[in-house]
Amino acid sequence: MPERILIIKPSSLGDIIHSLPVLNSLKKCFPHSRIHWVVARNFAELLEDHPMIDRLWIIDKDRWKEPLSFFSNLKELLRLRRGLRAEKFDMVIDLQGLLRSGIIAALTGSALRIGFKEAREGSTLFYTHQIEGGRTLHAVERYLNVLPFTGCSVKEIDFPLPERVLSPEFRDLCKEDYAVIAPGARWTTKRWPPERFGEIAKRLPFKTLIIGSLAEADLATEVVRSSNGKALSLAGKTNLKDLVEIIRNSRLLLSNDSGPVHIGAALGIPTFAIFGPTSPLRTGPYGKNTFVIRSEIDCAPCFKRRCRRRYCMEVISVDNVWKVISDYLNL
């Protein structure tokens, strides 16, 4: 039985959520092992104080891309190397599969460094053992493919997201029934028009809370404006812990293909995901009570971050989305 295990999965929000069943299975298989996790600073809050994780290693991965930060990044790498080597990990699992994560795996000096054969950017050079993940599988199933090599079996797919205390400023908002809408997405091509989200909020029989980052505040404002006062924007006002709890206590979540949709699916909340240029087969919401709404047009999924027409999102009407939601709610 390994005494110390390191999981490397710095980002992104949805990918970290998809990795949680691996954590769950490892802890069930090796209950006395100490499990550490390498995570990017902007997602660390999601895993802080997690009962299955003994230590987080927090990295500033975005700064690693800045040429002017070369010397400070080098110092961070040297500190990281010293710390990781001191732990003497018996097993290192790289679920990220990029050059940066491969280097981190190598820095541990562990004799057992596991990664995917199809990992990118030359990261396979840093592994001692390569596992066939599967390019066409859903991310959750792909990550779970590392477990048989460790001697663990997957008895159940569970997403351990411990319940936290909601910040005082949001407690009154979450006492009555409400829906959650997440109108943002990193790619503009993945965004359904905000005024259509507002129309859905207007039709729902309970209030709607709009979530998102500060950069998505304008989108949230447009949703509120189109809802005729039935929605309230929390964009830029919540931390990750509050975001999880707000979704956990909601009646339903409506979202583009973005991080919140995976939180909703992991929590078992009725989750309605609007997909256009990306594939729900690989990165869609995983689990029960999940509904994917997408157009059946020839050019989708195209996986393009830029598109002048965004036809795959434009053709999804408010009525299309409302029918799926209202059927579920028996309205």
Side-chain angles (χ1 to χ4, degrees), residues 9-21 40 42-43 46 95-98 116 118-121 133-145 157 159 180-194 196-197 200 210-213 215-216 219-220 223 243 247 252-267 269-318 320-321 324-325:
K9 190 60 177 172
S11 61
S12 58
L13 179 57
D15 289 343
I16 292 173
I17 296 292
H18 288 156
S19 303
L20 290 176
N42 46 333
F43 300 114
L46 185 69
L95 297 179
Q96 192 76 24
L98 297 175
F116 296 115
E118 63 271 20
R120 296 178 290 154
E121 299 179 356
R135 295 181 183 276
T136 60
L137 296 177
H138 191 282
V140 171
E141 296 165 357
R142 178 172 177 263
Y143 298 152
L144 288 171
N145 276 340
I157 298 178
F159 298 83
V180 174
I181 284 180
R186 282 191 300 169
W187 303 1
T188 57
T189 52
K190 294 197 294 184
R191 295 176 186 168
W192 199 46
R196 299 186 190 179
F197 280 115
I200 296 294
I210 313 302
I211 60 172
S213 66
E216 294 165 340
L219 285 174
V223 176
L243 185 70
I247 293 174
L252 64 90
L253 168 69
L254 173 62
S255 174
N256 296 314
D257 175 19
S258 60
V261 81
H262 305 298
I263 295 174
L267 294 172
I269 300 303
T271 299
F272 301 84
I274 301 175
F275 270 71
T278 50
S279 170
L281 297 177
R282 289 163 57 181
T283 58
Y286 193 93
K288 299 176 181 178
N289 279 346
T290 61
F291 305 86
V292 172
I293 305 161
R294 61 191 297 260
S295 59
E296 299 295 336
I297 61 174
D298 293 339
C299 61
C302 66
F303 302 100
K304 291 181 179 178
R305 298 184 180 221
R306 296 179 181 178
C307 177
R308 287 181 297 177
R309 298 180 64 194
R310 288 193 285 179
Y311 189 59
C312 60
M313 298 299 276
E314 290 292 339
V315 297
I316 301 173
S317 69
V318 171
N320 293 151
V321 175
V324 179
I325 295 175

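Any value given below was found using the heavy atoms of this structure, including those in side chains, with hydrogens, waters and symmetry copies removed. These numbers were taken from a predicted model, which means no experiment stands behind them.
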Note, Phe159 side chain near Leu267 side chain (heavy atom, < 4.5 Å):
no

On a heavy-atom basis, the closest approach of Pro277 and Cys312 is N-SG, 3.7 Å

Hey, does the side chain of Gln96 reach the backbone of Ser11 with a donor-acceptor pair shorter than 3.5 angstrom?
yes

Where do His138 and Gly284 come nearest, in terms of heavy atoms and distance?
NE2-O, 2.6 Å

Determine yes or no for a side-chain-to-main-chain donor-acceptor pair under 3.5 angstrom, with Arg310 supplying the side chain and Gly276 the backbone.
no

Please report the interatomic distance CG(Leu98) to CZ(Arg120), rounded to the nearest 0.5 Å.
5.0 Å

Among residues at least two apart in sequence or on other chains, which ones pass side chain to side chain contact (heavy atoms under 4.5 Å, CB included) with Ser12?
Asp15, Phe43, Arg186

Are any side-chain N or O atoms of Lys9 and backbone N or O atoms of Leu95, one a donor and one an acceptor, separated by less than 3.5 Å?
yes

Applied to residues 282-296, the side chain to side chain donor-acceptor pair (under 3.5 Å) test, sequence neighbours excluded, yields Glu141-Tyr286

Check the pair Ile263, Ile17 against side chain to side chain contact (heavy atoms under 4.5 Å, CB included), reporting the backbone distance first and the verdict last.
CA-CA 7 Å; Ile263 295 174; Ile17 296 292; 4.1 Å; yes

Here the gap from Leu252 atom CG to Phe291 atom CZ, rounded to the nearest 0.5 Å, amounts to 10.0 Å

Does any non-hydrogen side-chain atom of Ile274 lie less than 4.5 Å from one of Asp257?
no

Is the backbone of Trp192 close enough, under 3.5 Å, to the side chain of Asn256 for a donor and an acceptor to pair up by distance?
yes

Taking every non-hydrogen atom, the tightest pair across Ile247 and Gly264
CG2-CA, 3.8 Å

When rounded to the nearest 0.5 Å, the distance separating CD1 of Ile316 from CZ of Phe275 is 10.5 Å

OG1 of Thr136 to CG of Leu281, rounded to nearest 0.5 Å, is 9.0 Å

Please check: side-chain N/O of Arg142 versus main-chain N/O of Gly133, any donor-acceptor pairing under 3.5 Å?
no

Compare all side-chain heavy atoms of Val321 with those of Phe272 and state whether any distance is below 4.5 angstrom.
no

Closest heavy-atom pair, Ala185 versus Ser258, reported as atoms and distance to 0.1 Å, is CA-CB, 4.2 Å

Is the His18 ring parallel, tilted or perpendicular to the His262 ring (thresholds 30°, 60°)?
perpendicular

With distance as the sole test, does Thr271 use its side chain to make a donor-acceptor pair with the main-chain N or O of Leu253 at under 3.5 Å?
no

Minimal non-hydrogen separation, Pro260 against Leu13, with atom names:
N-CD2, 4.3 Å

Can you name the side chain to side chain donor-acceptor pair (under 3.5 Å) partners of Ser317, sequence neighbours left out?
Asn320

Between Ile211 and Pro183, the two heavy atoms sitting closest are O-CD, 3.4 Å

For the pair Arg191 (side chain) and Met313 (backbone), establish whether a donor and an acceptor sit closer than 3.5 Å, ignoring hydrogens and angles.
no

